[in-house]
Amino acid sequence: MSAGVPDAVALAADARSCTEAALAAIADAADVAALAAVRPELLGKGSPLSGLRRRLGSLAPAARPAAGRALSEALAAVEARYTERLDELRAAERRAQLEAERLDLTELHEPPPVGRLHVITQTQRRLEDVFCAMGYTVAEGPEIETEWHNFGALNFPPGHPARDMYDTLYVDHGSPGSTLLRTHTSPVQVRVMQTRPPPLYVVAPGRCYRQDTADATHMPVFHQIEGLVVDEGITLGDLAGAIETFTTAYFGPGFTSRLRPSYFPFTEPSAEFDVQRPDGTWLELGGSGMVHPSVLEVCGVDPERWSGFAFGFGIDRLAMLRYGIDDLRDLWTNDVSFLEQF
Ligand code: PHE
């Protein structure tokens, strides 16, 4: 059995050199793919280290367990080193990939220009806010109207100058003269009364159209806001009070208002209303009056039970006064450097 001893020594020496070669090959692998490629030669069934197992049988039986354990430990050491190296190489590849895909987030850009609402829209919204605070709700009506809503229901007699082709823009729709671009927001009074039962506390802002030649104070397209109140026992005093409340709420405490007799076919009595500035000067603002009983009636509201007032004025004019704009046309040219002042 003396031959067994040198055999065991030789086996141990071979195992050491196989292990060293395997560890060197693992260290040499430059990337994950190269490492994976050498795995069968290092750890597979045909690897030199596994091959050494076949020589265990030729050892003295007493030497086999120790030699077998030593071979197993060598394989385990190679396997452990392999896994460690694989982790290292994977981490390195991941780092390289992240570096390659890195975004430079430090680049500075000007913030995008933030827009704003047009000065007319701002004015309209402020007016809505003031009237909402007074208990009104906001209503809307179409800009393309029937002749009946714009004129007929509002008591305009057939030959009234406002119905004239020279003032009103008619739309080529339906029978001739039946459809138009609304000349004021008053038709919204009719639509509201037709669709909702009183009490009504409503404002209706929106675009209106008249055949005007554009100049500093006229445009064929302009904006109005209509007010309509219908309730039991409403009087001219309520109209005056509403105008006064609005005046101080919108313009400020130094301002006051007055009503002047006037005429509109759909109100009786009718009044123009003016606002007085703190310096004492007067400013004509719009039209108003008690809703005519025949308008209530045609809209299905019983004039024996209900009464009401209405008013209407130009939003563009109000914006011009508030912001000191002296040419209406500037509101339509969409010159950003002009509009961004407001
Ligand atoms: N609609 C009238 C105009 O455009 C103004 C008005 C509104 C008058 C409501 C009385 C009542 O001139």
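Counting starts at 1 for both ligands and their atoms, following the listed order.
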Point to revise | R90/E93 ion pair, N-O < 4.0 Å | key: no
Review point. Taking only heavy atoms of Q189, which atoms of ligand 1 are found under 4.0 Å from at least one of them?
Key: 9 (C)
Review point. Among all protein non-hydrogen atoms, which one is nearest to atom 4 (O) of ligand 1, and what is the separation to 0.1 Å?
Key: Q224 NE2, 3.0 Å
Check your understanding: Taking non-hydrogen atoms only, is S288 closer than 4.0 angstrom to ligand 1 via side chain, backbone, both or neither?
Key -> backbone
Practice item. Determine, for E79 against R39, whether the closest basic-nitrogen to carboxylate-oxygen distance falls under 4.0 angstrom. Key: yes
Check your understanding: Charged N to carboxylate O below 4.0 Å: is that the case for D212 and R210?
Key -> no
Review point. Where is the nearest protein heavy atom to atom 12 (O) of ligand 1: which residue, which atom, and how far?
Key: F264 CE2, 3.9 Å
Review point. For ligand 1, which part of F313 has a heavy atom less than 4.0 Å away: the side chain, the backbone, both, or neither?
Key: neither
Exercise for review: Could you pull out the closest heavy-atom pair between T185 and Q224, with the gap in Å?
Suggested key: N-OE1, 2.9 Å
Exercise for review: Quick one: look up the protein heavy atom nearest atom 11 (C) of ligand 1 and list residue, atom name and how far away it is.
Suggested key: F266 CE1, 3.5 Å
Review point. Would you say ligand 1 has an N or O under 3.5 Å from any N or O of E226?
Key: no
**Study point:** T183 N/O to ligand 1 N/O under 3.5 Å
**Key:** no
**Study point:** Selection residues 230-249 - residue pairs positive for ring-ring contact (aromatic ring centres under 6.0 Å, His included), sequence neighbours left out
**Key:** F131-F246, F246-Y250, F246-F313
Practice item. Give a yes or no on whether a salt bridge exists between R163 and E147, defined as a side-chain N under 4.0 angstrom from a carboxylate O. Key: yes
Review point. Where on R210 is there a heavy atom closer than 4.0 Å to ligand 1, on the side chain, on the backbone, on both, or on neither?
Key: side chain
Check your understanding: Nearest protein heavy-atom contact for atom 8 (C) of ligand 1: which residue, which atom, what distance?
Key -> G287 C, 3.5 Å
Study note, to complete from the structure: If you compare C208, G314, G312, A310 by their heavy atoms, the one closest to atom 5 (C) of ligand 1 turns out to be G312
Study note, to complete from the structure: Quick note on ligand 1: atoms under 4.0 Å from a heavy atom of S186 include exactly 1 (N), 7 (C)
Check your understanding: Under 3.5 Å, is there a donor-acceptor pair linking the side chains of R53 and S72?
Key -> yes
Point to revise | Residues D274, R260: salt bridge by 4.0 Å N-O rule | key: yes
